[in-house]
Amino acid sequence: MTQKSRLFYQSRSRRPVLDKARGVYMWDIAGKRYLDGSSGAMVCNIGHSNPHVLEAMRRQMEKSSFGYRLHFETEPAEQLAEKTAALSPPGLDRVFFVSGGSEAVESTIKLARQYALAIGEAQRWKVISRHPSYHGCTLGALAVTSYAPLTAPFDPMMRPMPKIPAPRAYLDGLDPDDPATGRHYANMLEERILAEGPETVLAFIVEPVGGASTGALVPPAGYMERIREICDAYGLLLIHDEVMSGGGRTGRFFASEHWGAAPDIIAISKGFGAGYMPLGAMIAHDRIVEAVLDAGGFAHGFTYAGNPLACAAGLAVITEIETQGMMANAAAMGTLLKSRLAGLMERFPFIGDVRGLGLLLAFELVADRHTMMPLPRALNAHDRLVEIAYENGLIIYSRRSRGGYSGDHFLVCPPMIVTEAQIDEIMGMLIVSLERFAAEAGLPVARAA
Ligand SMILES: Cc1ncc(COP(=O)(O)O)c(C=O)c1O
């Protein structure tokens, strides 16, 4: 593109123009094919251009594509709420639609606050979260986010919210399978609540399996259960941010199902609309919603909430996930892909950790696997490896892993329909890309077996 574009996002860098996308593949207008190894930003969970979803959207568009919630109920919104509630933990059967993850998180925080007011606990307003974390880019969601490059410019405009360390056992040399490790990190929540004054703390927000900021961090044994106990002991609401982990990618519809410690409120988006329409939801316990509605109503809402076209798409996405057995495939292919990624550690000594659950997977690059020292910042590995892979036709997703300023991890999260042959293809392109990155960066590579 030679002419200056009127369009802008975060920076001046531009990408090729997308022509079409089918299944796990995408093509640019020059005809180059890419394997979508990160489902966009962990969004297109059921693959691109699913004909059943497109047909459901076409049918809905011919009936109506918008109906404002103050003027009409719509059948797709009602049906999707019913279906979502049925998939949610017991008691979490009230659904509030939004158009994205940040809106979903904002909604959880505001509902929690209004619940505290409704039950006469107006002194509760602090929402504890983890470092690092990403919960969205709007100011409320950003206040509970801990990722300095994104938060620092706006610090003076936000009310500081308390943070506790994410349970990154691999950095601290602790065994993630030892319940003592889970207790060690979860107890940091209790310490923080006590330091803040328990009567002032409203909620704790956590991603059950981490997204981009922690690189698919899986909580250590016992962590999620202990967190639930602590929230109950001090009267906090437990909010699960399943914007990335929800929707089936980990092998269950909600990642929290892996631990059986249910939250009070859930935020979901990305895989919920799976890229077909902007869609997200807050799912809340009935007792919370009833208290807020009894006290005068929820003072919050978005114009596009419950859009019938978005809800018809969301409903068709869930139907596809269920009828095509996609969660079972995510679990099976995730196990295979994770072991193939772990296998790379022999060849590439600068891969320090491979982690994740189902098809929410990541690997982290380090200078030294024993000390977990990150690669030199100036190498910009998080950027460079993504660029090399992109040139080779593989899309992966990266972030700085250490507070946003150093460290490099990479999410490899293909759609849930990925096949074994496509995993071979991902691995082939990834190996070639790692080899070229290593050569450029002067990093050692062991000989192929
Ligand atoms: C865990 C989590 N929460 C919230 C968000 C914000 O979602 P959105 O970008 O749709 O506003 C994201 C986006 O990456 C996310 O990963």
Side-chain angles (χ1 to χ4, degrees), residues 9-10 38-45 96-112 127 129-147 149-151 154 161 163 166 203-219 224 238-250 254-256 263 265-283 300 302 304-305 307 310 313-314 317 355-362 382 386 395-401 404 409-413:
Y9 296 112
Q10 284 100 330
S38 62
S39 309
M42 286 57 79
V43 176
C44 305
N45 284 4
F96 182 92
F97 288 119
V98 297
S99 303
S102 304
E103 287 186 7
V105 168
E106 289 282 342
S107 304
T108 65
I109 294 169
K110 289 174 79 174
L111 185 72
V127 180
S129 59
R130 307 194 306 188
H131 169 74
S133 60
Y134 184 69
H135 295 292
C137 65
T138 51
L139 288 173
L142 200 61
V144 292
T145 287
S146 186
Y147 196 79
L150 297 176
T151 54
F154 309 102
M161 291 287 182
K163 309 286 186 302
F204 178 57
I205 183 165
V206 59
E207 292 170 78
V209 175
S213 65
T214 57
L217 184 70
V218 178
M224 297 302 280
L238 176 57
I239 301 171
H240 279 179
D241 180 348
E242 295 240 22
V243 166
M244 192 180 288
S245 59
R249 171 163 290 287
T250 69
F254 291 109
S256 63
I265 311 178
I266 301 173
I268 184 169
S269 181
K270 297 186 181 263
F272 195 49
Y276 288 85
M277 283 294 287
L279 179 67
M282 161 170 71
I283 307 148
H300 179 68
F302 300 96
Y304 280 102
N307 174 273
V317 165
R355 51 186 179 263
L357 197 55
L359 283 171
L360 184 44
L361 297 173
H382 69 292
V386 165
I395 300 175
I396 54 175
Y397 193 98
S398 70
R399 277 279 174 90
R400 287 288 201 192
S401 55
H409 59 220
F410 300 82
L411 288 121
V412 187
C413 303

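The residues of the chain are indexed from 1 along the displayed sequence. Whatever order the structure lists them in is the order used to number ligands and atoms, beginning at 1.
- For the pair His300 and Phe96, the minimum side-chain heavy-atom distance is below 4.5 Å.
- Scanning the protein heavy atoms around atom 16 (O) of ligand 1, the nearest turns out to be Met244 CE, 3.4 Å.
- Of all atoms in ligand 1, numbered sequentially from 1 with element shown, those under 4.0 Å from a heavy atom of Glu207 are 1 (C).
- Checked against a 3.5 angstrom limit, the closest N/O atoms of Lys270 and ligand 1 fall inside it.
- Listed by number with element, the atoms of ligand 1 under 4.0 angstrom from any heavy atom of Gly136 are 4 (C), 6 (C).
- Considering only non-hydrogen atoms, atom 3 (N) of ligand 1 lies nearest to Asp241 out of Ile268, Asp241, Val206.
- Looking only at distances, no side-chain donor or acceptor of Thr250 sits under 3.5 Å from a matching main-chain atom of Gly358.
- The protein atom (non-hydrogen) at minimum distance from atom 7 (O) of ligand 1 is Gly101 CA, 3.2 Å.
- Between atom CD1 of residue Ile205 and atom OG of residue Ser133 there is a gap of 8.0 Å, rounded to the nearest 0.5 Å.
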Apply the test side chain to side chain contact (heavy atoms under 4.5 Å, CB included) to residues Val206 and Leu238: give CA-CA distance (whole Å), side-chain angles for both, the deciding distance (0.1 Å), then the verdict. CA-CA 8 Å; Val206 59; Leu238 176 57; 4.0 Å; yes

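- Remark: Tyr147 OH is packed, more than 12 non-hydrogen atoms of other residues, nucleotides or ligands lying under 6.0 Å away.
- Atoms of ligand 1 lying under 4.0 Å from at least one heavy atom of Tyr134, given by number and element, are 1 (C), 2 (C), 3 (N), 5 (C), 6 (C), 12 (C), 13 (C), 14 (O), 15 (C).
- To the nearest 0.5 angstrom, Ile265 atom CD1 is 9.5 Å from Ile109 atom CD1.
- Once rounded to the nearest 0.5 Å, the distance linking NE2 of His135 with CG of Asp241 reads 5.5 Å.
- Nearest non-hydrogen protein atom to atom 5 (C) of ligand 1 is Val243 CG1, 3.7 Å.
- When Ser102, Ala141, Ala41 are ranked by how near their heavy atoms come to atom 11 (O) of ligand 1, first place goes to Ser102.
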